[in-house]
2 protein chains.
Amino acid sequence: MPNDGLVPAVRHRQGEAGPGSRRRFAADEEVYAEGDRAVHFYMVVSGAVRTYRLLSDGRRQIDGFHLPGDIFGLEAGEERRTGADAVTDTTVTAFRRSDRDALTGDAGALAREVVAAMLRALERAQDHMLLLGRKSAKERVASFLLGLSRRAGTGGAIALPMSRTDIADHLGLTIESVSRTLTQLEREGVIALPAHRRAVEVRDGAALRRLDG
Amino acid sequence: MPNDGLVPAVRHRQGEAGPGSRRRFAADEEVYAEGDRAVHFYMVVSGAVRTYRLLSDGRRQIDGFHLPGDIFGLEAGEERRTGADAVTDTTVTAFRRSDRDALTGDAGALAREVVAAMLRALERAQDHMLLLGRKSAKERVASFLLGLSRRAGTGGAIALPMSRTDIADHLGLTIESVSRTLTQLEREGVIALPAHRRAVEVRDGAALRRLDG
DNA sequence: CGGATGGTTGAGGCCGCTCAATATGCGTGG
DNA sequence: CCACGCATATTGAGCGGCCTCAACCATCCG
């Protein structure tokens with residue numbers, strides 16, 4: 001979800017004794033698990049969160065990565081249908097689910113933010129279904145990098161807080177395919193891979209966009 | 001989206017000079033196109049609607065099929081990000097987008113219905129991302145048939161209003177793979193395929209559920 | 001009956017997966 | 001500062017599931 005100016009209102013509110021409370025998570029710590037009762041929903045303050053679903057044999061599909069400003073953890077029912085972990089050390093603001101329920105009826109800003117967040121989550125889900133259903137490995141990785149660079153807004157250098165395994169489980173690939181695709185893009189001069197492997201530098205954004213379809 | 005008792009309130013309302021107006025579409029007629037201005041959102045009264053996105057080279061990904069009771073066509077922005085066509089002859093109720101905007105602020109039932117519809121759409125999107133990212137062709141077809149039978153609620157015999165091409169573009173497969181998988185399931189005694197090919201009879205629901213992961 | 005449309009079946013190829021080995025980065029302790 | 005160990009990433013070889021391309025079949029209509 002891009003930090004596109006819709007969320008700061010909420011972020012601001014929570015700095016002034018609003019309804020949200022801060023919580024902190026270490027890397028790989030669980031925020032909530034599939035099956036938990038959904039008491040809160042969250043906004044990322046710093047760090048990154050992954051939400052995912054599992055098949056009984058362990059196959060994992062990461063629905064999305066949530067970066068600062070993003071709202072996650074909204075549920076239709078009482079129970080968590082996804083799990084959520086911190087990717088790196090992460091701070092979030094927790095809102096009570098009942099706040100949402102109470103506020104959808106009033107004219108408050110939070111209600112509008114939440115509705116907007118839902119609609120944007122739906123749009124991202126649609127984009128991701130197109131990616132998973134109809135794009136090649138190279139196109140998937142290119143889309144992923146473009147999306148990250150758009151959301152991070154840090155220009156050429158993109159931080160990759162998540163592991164190759166996380167990326168693979170997001171893009172519907174294996175870690176080997178992710179790795180191979182990245183090195184291929186590097187050989188083609190589209191990106192550069194720093195030694196520490198947890199970042200990507202975009203060298204040819206136009207080429208990436210061309211791959212995105 | 002299952003017709004799970006949340007929508008009839010809206011459907012009822014529109015029978016009594018509510019905000020909705022009826023519109024009728026022939027099979028394969030366009031309800032709206034990608035890029036259109038999003039003036040309305042819709043609820044299916046009868047028939048079926050597909051919403052989809054296209055890549056520039058023509059590859060299509062169908063986000064979902066919308067059956068009677070389902071709400072579709074909600075957008076975060078001004079523009080349509082998906083196209084929508086009638087699958088068969090279809091009747092819908094159209095609501096003005098401004099109604100939603102006006103109503104999200106009041107305590108009205110429509111606002112709650114719309115929020116509930118968004119959350120359910122999000123859940124279905126999550127299920128579908130898991131399917132597209134991590135399931136085999138056989139698992140995809142099994143999930144699809146189970147989902148349809150659950151939503152149609154007609155027990156053993158499931159109507160398939162959509163073509164093999166539509167199913168393929170929904171499941172991220174080709175028509176050949178869909179066809180082969182259906183015949184394979186038939187050979188295994190899990191389903192039966194009537195001669196007219198636009199329905200499926202479930203013979204072994206447990207086997208289908210086992211395949212669903 | 002004949003043509004059109006949609007669905008099924010077959011043969012072969014390719015992309016991404018599996019299994020396995022190697023490399024690299026990083027933290028820890030000598 | 002280097003040696004070592006561990007976790008993570010990369011690279012390679014071979015395989016297989018789904019795709020591609022093509023022929024065949026069924027159903028529906030005129």
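Here is the naming used below: chain letters follow the sequence lines, and residue numbers restart at 1 for every chain. Note that this is a predicted model, so its numbers are computed, not measured.
Checked for salt-bridge contact, B:R80 and B:E34 miss the test: no charged N lies under 4.0 Å from a carboxylate O. For B:R50 and B:D28, the salt-bridge test passes: some basic side-chain N is under 4.0 Å from an acidic carboxylate O. Ion pair B:R97/B:E78 flagged as a salt bridge, since at least one NZ, NE, NH1 or NH2 atom sits closer than 4.0 Å to an Asp/Glu carboxylate oxygen. A salt bridge is absent between B:D169 and B:R59: the closest approach of a Lys/Arg side-chain nitrogen to an acidic carboxylate oxygen does not fall below 4.0 angstrom.
Contact between the side-chain N/O atoms of B:S136 and the OP1/OP2 oxygens of D:dG17 is not found at any separation under 4.0 Å. Here A:T174 reaches the OP1 or OP2 of C:dC17: one of its side-chain N or O atoms lies under 4.0 Å away. For B:S179 and C:dG7, the shortest distance from a side-chain N or O to OP1 or OP2 is not below 4.0 Å. In terms of phosphate contacts, A:S177 brings a side-chain nitrogen or oxygen within less than 4.0 Å of OP1 or OP2 of C:dC17.
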Show each protein N/O and nucleotides 19-25 of chain C N/O combination with a separation under 3.5 Å, one pair to a line.
unit_1: C:dC19; atom_1: N4; unit_2: A:E176; atom_2: OE2; d: 2.9

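Look at CG on B:D166: it is 17 Å from P on C:dT5, rounded to the nearest Å. Between the C1' atom of D:dC18 and the CG atom of B:L132 lies a distance of 15 Å, rounded to the nearest Å. To the nearest angstrom, C1' of D:dT27 lies 15 Å from CG of B:L193. Between B:R198 atom CZ and C:dG6 atom C1' the separation is 8 Å, expressed in whole Å. The NZ-P distance, from B:K138 to D:dG16, rounds to 17 Å in whole Å. Here C:dT9 presents its C1' atom at 14 Å from CD of B:E186, a figure rounded to the nearest Å. Distance, A:R134 CZ to C:dG16 P: 14 Å, rounded to whole Å. Here C:dC15 presents its C1' atom at 16 Å from CG of A:L171, a figure rounded to the nearest Å.
Side chain of A:R164, nearest nucleotide from D:dT11, D:dT8, D:dT10: D:dT10. Closest to the side chain of A:A137, from the set C:dT9, D:dC18, C:dG16, is C:dG16.
For the pair B:S46 and B:P68, the tightest heavy-atom approach, listed with the atom from each and the gap, is CA-CG, 3.9 Å.
Checked by atom type, the side-chain pair A:D85/A:Y52 shows a donor-acceptor distance below 3.5 Å. If you check the side chains of B:Y42 and B:D70, you find no donor sitting under 3.5 Å from an acceptor.
Among the atoms of the strands shown, none is found under 4.0 Å from any heavy atom of B:R140. Contact annotation for A:L182: no contact, since no heavy-atom pair falls under 4.0 Å across all strands.
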